[in-house]
Amino acid sequence: MKAMNDVRVRFAPSPTGYLHIGGVRTALFNWLFARHHRGQFILRIEDTDQSRSTDEAIRAILDGLSWVGLDWDEGPYRQTERLDLYRQHAMTLFEQRQAYWCVCTAEELEARRKEAQARGLPQKYDGRCRDRQITNPGGEAALRFKAPQAGETVVEDLIKGQVVFENSLLDDLIILRSNGFPTYNFSVVVDDALMGISHVIRGDDHLTNTPRQIPIFHALGHAVPQFGHLPMILGTDKARLSKRHGATSILAYKEMGYLPEAMVNYLARLGWSHGDQEIFTGQELIEKFSLDHVQKSSAVFNPEKLLWVNAEHIKSSEPSRVAALLRPFLDQAGLGAEARTKPAGWLEQLVILFRERARTLAEMATAAKPYVKDELAFDEKAVKKLLTPAIVPALTKLTDRLAGVPDFSQAELEKVFKRLVEEEGMKMGQLAQPVRVALTGGTASPGLFEVMVLLGRERTLARLKKGIALAGRSTPS
RNA sequence: GUCCCCAUCGUCUAGCCUGGCCUAGGACGCCGGCCUUUCAAGCCGGCAACACGGGUUCAAAUCCCGUUGGGGACGCCA
């Protein structure tokens, strides 16, 4: 982790909805960049559109970031708390004749825009108020920035490389709305300047905003930060990720049973790579992250791979941690109360049995049901096929012997079981499957002896007896 | 319409900057096998890509140009 002198980056979401996957990815890359360079990660809420911003959305952003473990060093700043700052700087630009009052109404502008679009002309403000020298507008007026119209603006993007824009195409942006609120392109620049942001790392949907913002940095007399534009994340249909592609709020993934570190791992690998490595711990990500290996092209979000990454993290996490994270899912599956009656360490044992069989915590909770609950739901087909009268003698013998096993351990149980199978001249599977149905209700489960230990002697015997009863009752074919 | 970005298996990507080691590597998924008390996991194997066309060069996935395709931006949204 080389310290680049005073790296200061920021994540600047607008609180107009939930925090989605793309936002988290942008936040993550900023955070990794900051942590890698031992710099500062700043959180700034861009809420200058007071009609669309909500406190609820701010809450969701904070909760989402916290869940994935992206902690910030400064903030959250709120732009609505800094309005005076923007106004001051806007007026300074006005006094320096770098900005001017525009009295065109929103309706007029909209009409002209439509007109231009229809005639195939560039949709750009025609600059009709530019030289009107309005010093004290009576009614409603917006302040526009006088954008340079000659030469070109060159962006040395850390990810895309050099990008050149023709200044003659630049619009005179409104920097202060007629209601006194600053617009995005102005407040970002003022804040990035005042907050000493060294690197602006954001989605490449902002690439064309960059040549509009650079002249404002110049006008404000501030050094221009470095830029890095990240490729977008697309849905399976190659369109921008949206609600149509399923759960997009990052918190929805928490509810589906993903581990935050898996989410971070997957998102980091979406657009960034480190050779052939797929699985990373948080620490490795910080050590290895670099903008040099960020992809230039957009990436398609692949839920299947996310599932695999999650499974990998479930397998490698401490069982106790997984157990703790599993609790809310047990509650949700209606197993919480019973799970809490189990002895200490029981849930960890359950996790050890299911961590290589479940890809999410939700799946694990579902799979846990037959072990947590006392009553068993039987798979009718399995019962009919495997719990037959013919198996009753062997099942009975097994039950008797298990009752007498002094040490109810896996090794011991296996010994007893195998001896019986041999004595009866059976194959392992001939006895194992009926026993499995009796113990779990179905034909698929972890290893039998692990299951028995998890259930404990008492429940194992009770279930075997129930199985024998069921087998004796079924009609011989 | 104008401007900008992008282009390696279905998907995520390595390789591209510093051409030859690439009959293009890894991963997810899919298919087959092994292991096995079932299901998983694990292991082994298979299918599958340099968008197209020109050029430069002894040699191009790698450099240049064009085409096509995809994405983004053009708001008193951010």
Side-chain angles (χ1 to χ4, degrees), chain A residues 12-16 46-49 51-53 102 104-106 109-110 113 116-125 140-144 155 157 159-161 163-166 169 171 173-179 181-185 187-188 203-212 229 231-232 234 236 238-240 266 269-279 292-293 295-309 311 315 353-359 367 382 414 417-418 421 427-433 435-437 440 442-449:
Chain A
S14 65
T16 52
E46 310 227 323
D47 56 351
T48 54
D49 183 351
S51 65
R52 297 200 308 153
S53 300
C102 171
C104 300
T105 67
L109 293 169
E110 178 63 22
R113 211 170 3 250
Q117 191 172 25
R119 295 173 55 184
L121 297 170
Q123 298 168 51
K124 178 181 163 180
Y125 176 62
E140 296 223 319
L143 198 64
R144 280 189 192 269
V155 180
D157 194 271
I159 293 163
K160 306 277 186 182
V163 187
V164 180
F165 297 88
E166 207 60 53
L169 266 13
D171 219 337
L173 295 173
I174 288 179
I175 56 176
L176 217 55
R177 290 181 256 236
S178 51
N179 68 2
F181 281 71
T183 55
Y184 164 74
N185 275 301
S187 52
V188 241
D204 70 10
D205 48 339
H206 284 290
L207 186 54
T208 51
N209 275 327
T210 311
R212 297 161 204 209
H229 287 94
M232 304 266 86
L234 310 179
T236 318
K238 300 252 185 180
R240 207 172 163 161
Y266 176 73
R269 276 291 282 102
L270 208 53
W272 172 80
S273 62
H274 185 265
D276 286 337
Q277 190 171 350
E278 297 286 353
I279 301 300
D292 301 343
H293 290 277
Q295 200 80 1
K296 286 177 170 185
S297 51
S298 47
V300 174
F301 182 81
N302 182 349
E304 287 293 325
K305 186 151 183 182
L306 170 60
L307 228 28
W308 175 78
V309 171
K315 273 181 270 189
L353 296 202
F354 284 97
R355 62 178 175 175
E356 53 199 32
R357 293 177 172 79
R359 295 179 300 176
E414 185 163 359
F417 195 97
K418 288 199 165 151
V421 165
K427 279 189 180 169
M428 186 72 181
Q430 286 179 289
L431 184 57
Q433 281 306 77
V435 169
R436 175 165 281 114
V437 175
T440 71
T443 53
S445 82
L448 268 193
F449 311 113

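Any value given below was found using the heavy atoms of this structure, including those in side chains, with hydrogens, waters and symmetry copies removed.
- Using P as the reference atom, B:C64 and B:G19 are 12 Å apart when rounded to the nearest Å.
- Of the nucleotides present, none pairs with B:U38 by Watson-Crick or G-U wobble criteria with both distances under 3.5 Å.
- Residue contacts shown for A:G447 include a base, since a base heavy atom lies under 4.0 Å away.
- Between the side chain of A:E278 and the base of B:G26, at least one donor-acceptor pair of N or O atoms lies under 3.5 Å.
- As the counterpart of B:U68, B:A7 is assigned, both hydrogen-bonding distances of the Watson-Crick or G-U wobble pattern falling under 3.5 Å.
- Contacts of A:C104 with the nucleic acid, taken as non-hydrogen atoms under 4.0 Å apart, include base atoms.
- Among the atoms of the strands shown, none is found under 4.0 Å from any heavy atom of A:H229.
- Note on A:T48: only backbone sugar-phosphate atoms sit closer than 4.0 angstrom, heavy atoms only; bases stay farther off.
- Side-chain contact between A:E140 and A:T105: absent, with no pair of heavy atoms (C-beta onward) separated by less than 4.5 Å.
- Atom pair A:F165:CZ and B:G72:P shows a separation of 16 Å (rounding to whole Å applied).
- Protein atom CG of A:D157 is 12 Å distant from nucleotide atom C1' of B:C4, rounded to whole Å.
- In terms of phosphate contacts, A:S273 brings a side-chain nitrogen or oxygen within less than 4.0 Å of OP1 or OP2 of B:A14.
- For the P atoms, the distance from B:G29 to B:U23 is 29 Å, rounded to whole Å.
- Using a distance-only test at 3.5 Å, with no hydrogens or angles considered, a donor-acceptor pair links the side chain of A:Y266 to the main chain of A:N302.
- The CG atom of A:D171 sits 6.5 Å away from atom NZ of A:K124, with the distance rounded to the nearest 0.5 Å.
- Between B:G15 and B:C58, the distance separating the two C1' atoms is 23 Å to the nearest Å.
- Rounded to whole Å, atom P of B:A73 lies 16 Å from atom CG of A:D171.
- Rounded to the nearest Å, the gap between the C1' atom of B:A60 and that of B:A24 is 13 Å.
- Side-chain N/O atoms of A:R113 include one lying less than 4.0 angstrom from OP1 or OP2 on B:G75.
- Listed nucleotides: B:C3, B:C12, B:A78. Nearest to the side chain of A:A299: B:C12.
- One can place CD1 of A:I279 at 12 Å from C1' of B:C12, the figure rounded to the nearest angstrom.
- The interatomic distance linking A:K418 (NZ) with B:U36 (C1') rounds to 10 Å, in whole Å.
- Among B:C74, B:A78, B:C4, the nucleotide with an atom closest to any side-chain atom of A:Q123 is B:C74.
- Nucleotide B:C50 forms a pair with no other nucleotide shown, judged by Watson-Crick or G-U wobble geometry with both contacts under 3.5 Å.
- Nearest nucleotide to the side chain of A:A444, out of B:C39, B:G29, B:A41: B:C39.
- In this structure, the side chains of A:V309 and A:E278 stay at 4.5 Å or more apart for every pair of heavy atoms.
- Side-chain N/O atoms of A:D204 and base N/O atoms of B:G72 include no donor-acceptor pair closer than 3.5 Å.
- Rounded to the nearest Å, the gap between the P atom of B:C16 and that of B:C21 is 12 Å.
- Nearest to the side chain of A:N302, among B:A78, B:C5, B:U11, sits B:U11.
- Between the CD atom of A:Q433 and the P atom of B:U37 there is a distance of 11 Å, rounded to whole Å.
- Relative to the side chain of A:L109, the nucleotides B:C76, B:U37, B:G72 differ in distance, and B:C76 lies closest.
- Mapped onto RNA chain B by nearest heavy atom, A:M232 and A:K124 fall at different nucleotides, with A:M232 at the one closer to the 5' end.
- Going from the C1' atom of B:U13 to that of B:G54 covers 29 Å, rounded to whole Å.
- When side chains are defined from C-beta on, A:M428 counts as touching A:K418, because their heavy atoms get closer than 4.5 Å.
- On the P atoms, B:C44 is 33 Å away from B:C52, given to the nearest whole Å.
- Rounded to whole Å, the distance from CD on A:E414 to P on B:U36 is 13 Å.
- Using a 4.0 Å heavy-atom cutoff across all strands shown, A:K315 reaches sugar-phosphate atoms only and no base atom.
- Pairing for B:G32 goes to B:C44, judged as Watson-Crick or G-U wobble with the two contacts each under 3.5 Å.
- In this structure, A:L169 reaches the sugar-phosphate backbone alone: every heavy-atom distance under 4.0 Å involves primed, P, OP1 or OP2 atoms, never a base.
- At the heavy-atom level, A:S14 lies under 4.0 Å from the strands shown only through sugar-phosphate atoms.
- Spacing of C1' atoms, B:A27 relative to B:U38, comes out at 29 Å, to the nearest Å.
- Among B:C4, B:C76, B:G26, the nucleotide with an atom closest to any side-chain atom of A:K305 is B:G26.
- Residues A:K296 and A:T16 both approach RNA chain B. Their nearest nucleotides, taken by heavy-atom distance, put A:K296 toward the 5′ side.
- When side chains are defined from C-beta on, A:Q295 does not count as touching A:W272, because their heavy atoms never get closer than 4.5 Å.
- Side-chain contact between A:P15 and A:S53 is present, with heavy atoms from C-beta onward closer than 4.5 Å.
- Picking from B:C76, B:A40, B:A78 the nucleotide with the shortest atom distance to the side chain of A:S178 gives B:C76.
- Side chain of A:Q277 to backbone of A:I279: a donor-acceptor contact under 3.5 angstrom is found.
- Pair assignment for B:C74 gives B:G1, based on Watson-Crick or G-U wobble hydrogen-bonding distances that are each under 3.5 Å.
- The residue A:R212 sits close only to the backbone: its heavy atoms come under 4.0 Å of sugar-phosphate atoms, none of a base.
- Heavy atoms of A:Q295 sit under 4.0 angstrom from primed sugar atoms or phosphate atoms, though from no base atom.
- Which of B:C12, B:U38, B:C5 sits closest to the side chain of A:K160 comes down to B:C5.
- If you check every strand for non-hydrogen atoms under 4.0 Å, A:P446 touches a base.
- A donor atom on one side chain and an acceptor atom on the other are not found under 3.5 Å apart for A:N185 and A:T183.
- With a cut-off of 3.5 Å on both pairing distances, B:A24 has no Watson-Crick or G-U wobble partner at all.
- Counting any heavy atom pair closer than 4.0 Å across all strands shown, A:I174 reaches a base atom.
- When the nucleotides B:C76, B:A41, B:C39 are ranked by their closest atom to the side chain of A:A106, B:C76 comes out on top.
- Listed nucleotides: B:A73, B:U13, B:A7. Nearest to the side chain of A:R269: B:U13.
- In this structure, A:W308 places its CH2 atom 12 Å from C1' of B:G29, rounding to the nearest Å.
- Heavy atoms of A:D47 sit nowhere under 4.0 angstrom from any nucleic acid atom.
- Looking only at side-chain heavy atoms (C-beta outward), A:F181 and A:L176 stay at 4.5 Å or farther from each other.
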